[in-house]
2 protein chains.
Amino acid sequence: MFELDMRSRKPIYEQLVEKLKELIINEVLKPDEQLPSVRTLAQQLTINPNTIQKAYRELEIQSFIYSIKGKGSFVNPQTQKKDNLKIAAVKHELEKLVLEAFYLGVSVEELLKFIEEIDVSKRGGDKID
Amino acid sequence: MFELDMRSRKPIYEQLVEKLKELIINEVLKPDEQLPSVRTLAQQLTINPNTIQKAYRELEIQSFIYSIKGKGSFVNPQTQKKDNLKIAAVKHELEKLVLEAFYLGVSVEELLKFIEEIDVSKRGGDKID
DNA sequence: CAAACTGTATTAAGAATAATAGTACACTTA
DNA sequence: TAAGTGTACTATTATTCTTAATACAGTTTG
């Protein structure tokens, strides 16, 4: 279900958050569908349950999921589906531009920073890094 | 001269590398211009000289600068100037597309990952993260 | 009801990395 | 010669992520 990079600088709980976000937004995980329990997923991924719970807590804060004690964690149905075809088209255009930027000598790092700055300027302060 | 984010997950030596790269590529630092000494810059930024040296070493490995014992560290003139106008135009187009992607519900994280994957697929394995 | 499952919380310890501190050596320049 | 340069090395501190081991409250199921 997941591929985690244990050697990344990015914490695995944060990788989990991102992966699950994608699965939810793209409706691989359906609205109100139950997520694996913290202990089950921990066993599957052979990582500590606390790490899973940290990810779930973060996802709940960002209202991607909701959790009910004794029952489980579920996909928040408010998260509306994206227009995937449109997104694919945009990504295709994006890739062309990015490659052009690379060709012009713009570094990956500079590009990433640029993207992040677009983000924060339009949506308010986000996570550090 | 620099703005460092001491609270970022990104190490400050790595932030230094990126900032200096930009200054060099954009020729804010001219070819063969001498960089501040490790001790001077450390004092200015109130960080440890070892951290500066780590950044300089990395920049030398990536051949953005060259260092001569007893003399100093200098900008490698091989680093050619970029076409800044062209880059600005590309960035402008890029910003529009990125905002469109945001509007479609693509997360910043997903976008950053997408950019990074373009990079690695076209230029071989880079740094983790 | 009882057992087994859920989420949640807490404390402690381990591991890894970044950053600092301090010192030293070789080289260049004024 | 003195001061400034890059470079190297060890040790220590600090931070963060992860694990470990419990514990408690609620739900579900036999």
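Order of the sequence lines fixes the chain letters, A, B, ..., with proteins taken first and strands second; residue numbering starts at 1 for each chain.
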How close or far is atom [atom2] of [N] from atom [atom1] of [X], stated in whole angstroms?
| X | N | atom1 | atom2 | value |
| --- | --- | --- | --- | --- |
| B:N48 | C:dG22 | CG | P | 10 Å |
| B:L59 | D:dG6 | CG | P | 13 Å |
| A:L4 | D:dT19 | CG | P | 10 Å |
| A:R57 | D:dT18 | CZ | C1' | 13 Å |
| A:I52 | C:dT6 | CD1 | C1' | 15 Å |
| A:L45 | D:dT19 | CG | C1' | 15 Å |
| A:R9 | D:dT16 | CZ | C1' | 13 Å |
| B:K54 | D:dA8 | NZ | P | 14 Å |

- Query: If you check the B:T40 side chain, which of D:dT5, C:dA19, C:dG7 turns out closest?
  - Reply: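 Selected nucleotide (nearest to the side chain): D:dT5.
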
- Among D:dC17, C:dT20, D:dG6, the nucleotide that comes nearest once only the side chain of A:Y13 is considered: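 Between D:dC17, C:dT20, D:dG6, the one nearest the side chain of A:Y13 would be D:dC17.
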
- Do you see a donor-acceptor pair shorter than 3.5 Å between the side chains of B:K71 and B:Q34?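 No pair is found: no donor N or O on one side chain lies under 3.5 Å from an acceptor on the other.
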
- Between the side chains of A:D32 and A:Y66, does any donor sit under 3.5 Å from an acceptor?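 Per modelled atom types, A:D32 and A:Y66 side chains form a pair under 3.5 Å.
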
- Query: Rounded to the nearest 0.5 Å, how far does CD of A:Q62 lie from CD of A:E60?
  - Reply: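 Here the interatomic distance stands at 11.5 Å.
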
- Item | Nearest-0.5 Å distance that lies between atom CG in B:L4 and atom CD1 in B:I47 |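 Nearest 0.5 Å value for the CG-CD1 distance: 5.5 Å.
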
- When you measure from every atom of DNA chain C, which of residues 67-75 of chain A have a heavy atom less than 4.0 Å away?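 Nucleic-acid contacts, sorted: A:S67, A:I68, A:K69, A:G70, A:K71, A:G72, A:S73.
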
- OP1 or OP2 of D:dC17 less than 4.0 angstrom from a side-chain nitrogen or oxygen of A:T51, does that happen here?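 No, no such contact exists.
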
- For B:Q34, report the nucleic acid contact type (base, sugar-phosphate, nothing); a contact means any heavy atom under 4.0 Å.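 Contact class for B:Q34: none.
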
- Message: Applying a 4.0 Å non-hydrogen cut-off, can you work out what B:E60 is touching in the nucleic acid: base, sugar-phosphate, or nothing?
- Response: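 It contacts sugar-phosphate atoms only.
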
- Message: Return whichever of B:I47 or B:R39 has its heavy-atom-nearest nucleotide of DNA chain C closer to the 5' end.
- Response: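 In this pair, the answer is B:I47.
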
- Does CD belonging to A:Q43 count more than 12 external heavy atoms closer than 6.0 Å?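 12 or below, so no.
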
- Query: Any N or O donor-acceptor pair linking the side chain of B:N50 to the base of C:dG22 at under 3.5 Å?
  - Reply: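 Pair found.
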
- Can you check whether A:T51 reaches A:L45 side chain to side chain, under 4.5 Å on heavy atoms?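 When only atoms from C-beta onward are counted, A:L45 and A:T51 do not touch, as no gap falls below 4.5 Å.
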
- Task: Mark yes or no for whether A:Q15, through its side chain, and A:K10, through its backbone, hold a donor-acceptor pair below 3.5 Å.
- Result: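 Yes; at least one donor-acceptor contact below 3.5 Å.
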
